[in-house]
Amino acid sequence: MNNTSRIFGSNVFSEVTMKERLPKDTFKKLKRTLDYGEELTPAVAEVVANAMKDWAVEKGATHYTHWFQPMTGKTAEKHDSFIEPTGDGRVIMEFSGKQLIQGEPDASSFPNGGLRATFEARGYTAWDATSPAFVKDGTLYIPTAFCAYSGEALDKKTPLLRSMEALSTQAVRILRLFGDDNTQKVTSTVGPEQEYFIVDKKLYQQRKDLIFTGRTLFGALPPKGQELDDHYFGSIKDRISNFMKELDEELWKLGISSKTKHNEVAPAQHEMAPIFTTTNIAVDHNQLVMDTLIKVANRHDLACLLHEKPFAGVNGSGKHNNWSMGTDKMNLLEPGETPHENAQFLTFLVAVIAAVNRYAPLLRLAAASPGNDHRLGANEAPPAIISIFLGEQLTDIIEQIKNGALTSCTGHTCMDLGVKTLPKFEKDVTDRNRTSPFAFTGNKFEFRMLGSTMSISGPNIVLNTIVAEVLSEIADGLEKAEDFHGELSAIIEKLVKENFKVIFDGDGYDESWIREAEKRGLPNIKTSVEAIEVFSHEKNMDVFIKHGVFSKGEILARQEIMFEEYAKTINIEALTMIQVAKREIMPAVMNYGAELARDISSIASILPSAPLDGQKKQLDRITKAYDAAVVGLEALEEALAKTHEVKDIKEESKAYKFEVCPAMEVLRKPCDELETLVSEEAWPFPTYGDLLFRV
Ligand SMILES: NC(=O)CC[C@H](N)C(=O)O
């Protein structure tokens with residue numbers, strides 16, 4: 001076995017390991033829990049826990065943790081050792097079924113959106129057996145769901161699992177109607193591409209804005225940016241390559257199928273992409289990817305920036321969510337071979353199109369974050385308008401259906417869904433369209449709006465739920481139908497007609513698309529604060545409640561958490577700006593200006609007749625920009641103070657967006673100008689040029 005095959009998954013308590021280590025009967029029972037969600041008995045849990053502990057201890061683990069995903073979008077862990085005193089001064093390593101299945105962290109300090117008062121500290125973590133446990137840094141990690149004492153979800157995993165269940169239930173109904181009597185489960189899958197920046201750690205540490213906010217709040221553009229397109233797919237520097245090698249190895253040990261790595265468009269920007277897997281596991285894996293990126297970079301004296309827009313003026317970072325759904329035998333978004341298979345494919349495809357059009361604001365909400373506001377529509381990422389790219393061939397077919405081709409023959413193609421002549425699709429017939437937020441790529445959809453820092457849970461909760469909703473509507477119609485094919489044709493045609501406007505194969509970055517989208521009546525929700533508002537719209541709440549993904553209380557709590565996160569993030573950014581301007585930029589410029597003034601007067605004392613116009617002009621420019629910075633600083637402080645007065649969290653978030661953010665931009669301008677006016681030594685921290693090119 002080569003080294004990669006040997007290390008791949010070596011730190012994962014995988015199905016293969018379980019099979020090797022568990023008694024046959026226990027493994028069979030556990031497998032039923034994994035495959036069909038059957039309840040796990042305490043007896044089975046006891047045996048699994050013991051085997052898991054023995055395996056982990058052999059891997060050097062001394063602790064275990066219930067690893068969960070609170071609403072911070074990060075992961076949380078509290079480590080407990082396996083030690084159990086024997087009473088005679090010694091210890092043994094113990095781990096019970098109860099400890100495996102349930103934990104009770106004092107979790108009062110996680111965001112809960114009012115679902116719990118702080119004094120009600122109790123939260124529960126429950127083992128999610130569908131995502132394998134693993135060993136990392138001497139600890140056994142057990143993926144868990146996190147909920148309140150009262151049962152409400154306080155995390156990003158619970159609703160994701162619920163949405164996967166909802167999608168499965170509705171998709172299986174459709175498969176039954178197409179004559180599949182065996183499939184028990186349909187699973188949604190995701191392969192998230194992860195973009196990131198790498199900068200030198202020593203330079204990073206000199207920038208308070210990067211340390212506190214993850215992005216640069218100041219910085220003049222360097223002479224060179226990304227205009228030569230020479231970084232994209234360019235030769236990878238040794239230092240980065242060594243980092244990437246270790247990253248791959250760490251990820252492979254955790255069973256994460258890191259597949260692709262390359263330089264991205266912006267200088268210092270890179271990407272990794274794994275092979276797709278079950279959504280739940282993909283979400284866990286992506287959290288591990290982000291964590292590992294930061295840790296491995298640190299070991300190489302580098303710093304990884306996961307922010308959506310660490311640098312103004314060059315590309316930001318996205319996370320492209322390649323989503324599909326399938327049975328254990330087939331991908332349901334893969335065009336088939338026979339007319340029957342293609343009819344089924346079309347049904348699922350049209351369900352996705354309808355779901356995306358009807359619930360576009362929910363998808364926009366799923367990509368809402370303070371960082372992503374800087375990226376969406378900034379000419380490197382799709383605008384905030386949700387549209388679908390299908391590619392030439394599928395668009396042609398869908399267009400014909402819109403024009404009634406399923407019921408009457410038009411043009412050269414005559415389509416009859418169940419029987420004969422729906423054209424055979426070729427795999428991967430689509431061209432790529434980087435400007436579309438939601439692009440069909442042959443057998444999956446690439447949702448490109450997600451920001452690089454985000455948990456991919458939210459977007460997939462939305463996708464699973466809205467597609468489940470349209471599938472349920474189709475199944476309702478078909479289950480009642482006497483003439484299956486007639487009814488199927490009618491439903492598909494109706495859905496296509498109603499939702500055709502969301503299909504757009506053109507350039508999503510072009511100005512004219514914004515006007516065209518408006519004409520079509522497609523929503524263009526420009527900012528995150530406006531997107532967060534749609535969560536509580538009745539239509540949106542209904543779809544989550546109907547499919548058991550969120551209760552009304554959970555939705556309102558999550559909405560509040562999103563507003564809070566937005567407000568707090570901008571507050572931190574504004575405070576950081578004020579601090580850096582006051583304590584670093586202004587003193588540095590003051591010193592430089594004073595030095596310049598001293599120099600001018602000493603020259604004047606030696607050469608009284610020298611005009612010194614150039615020198616004075618330079619000092620004047622610096623003084624004026626300094627003055628503008630002071631005015632900007634005062635205005636920002638004032639906007640911030642006013643915003644702190646606002647009591648309602650929604651209004652407060654809006655004040656951050658529409659009052660504080662513009663004031664930050666105003667302050668930035670003269671400060672960036674000052675950077676270009678003073679000497680390199682005088683400037684108090686590394687510049688864009690240093691950060692982007694000195695790795
Ligand atoms: N080459 C690319 O795909 C660029 C993607 C871009 N960085 C984004 O933010 O989505």
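Counting convention: from 1, in listed order, for ligands and their atoms alike. Sequence positions, counted from 1, serve as the residue numbers for this chain.
In this structure, H320 counts as a contact residue of ligand 1, since one of its heavy atoms falls inside 4.0 Å of the ligand.
Looking at ligand 1, you won't find any N or O of V265 less than 3.5 Å from one of its N or O atoms.
The distance between the ring centers of H231 and H262 does not fall below 6.0 angstrom. Remark: aromatic rings of Y688 and F693 are distant, center separation not under 6.0 Å.
Residue-ligand proximity, E264 to ligand 1, at heavy-atom distances under 4.0 Å covers atoms 1 (N), 2 (C), 4 (C). Contact atoms of ligand 1 toward Y232: 1 (N) (distance under 4.0 Å to a heavy atom of the residue).
Within the set K309, R375, Q269, R448, the minimum heavy-atom distance to atom 10 (O) of ligand 1 is found for R375.
Using bins of under 30°, 30° to 60° and over 60° for the plane-to-plane angle, the ring pair H307/H374 lands in the tilted bin. Ring planes of W513 and F504: parallel class, angle under 30° (limits at 30 and 60°).
Contacts between S317 and ligand 1 below 4.0 angstrom, taking non-hydrogen atoms only, involve the backbone exclusively.
Under the ring pair (Phe, Tyr, Trp, His ring centres under 6.0 Å) criterion, F563 pairs with no residue, sequence neighbours left out.
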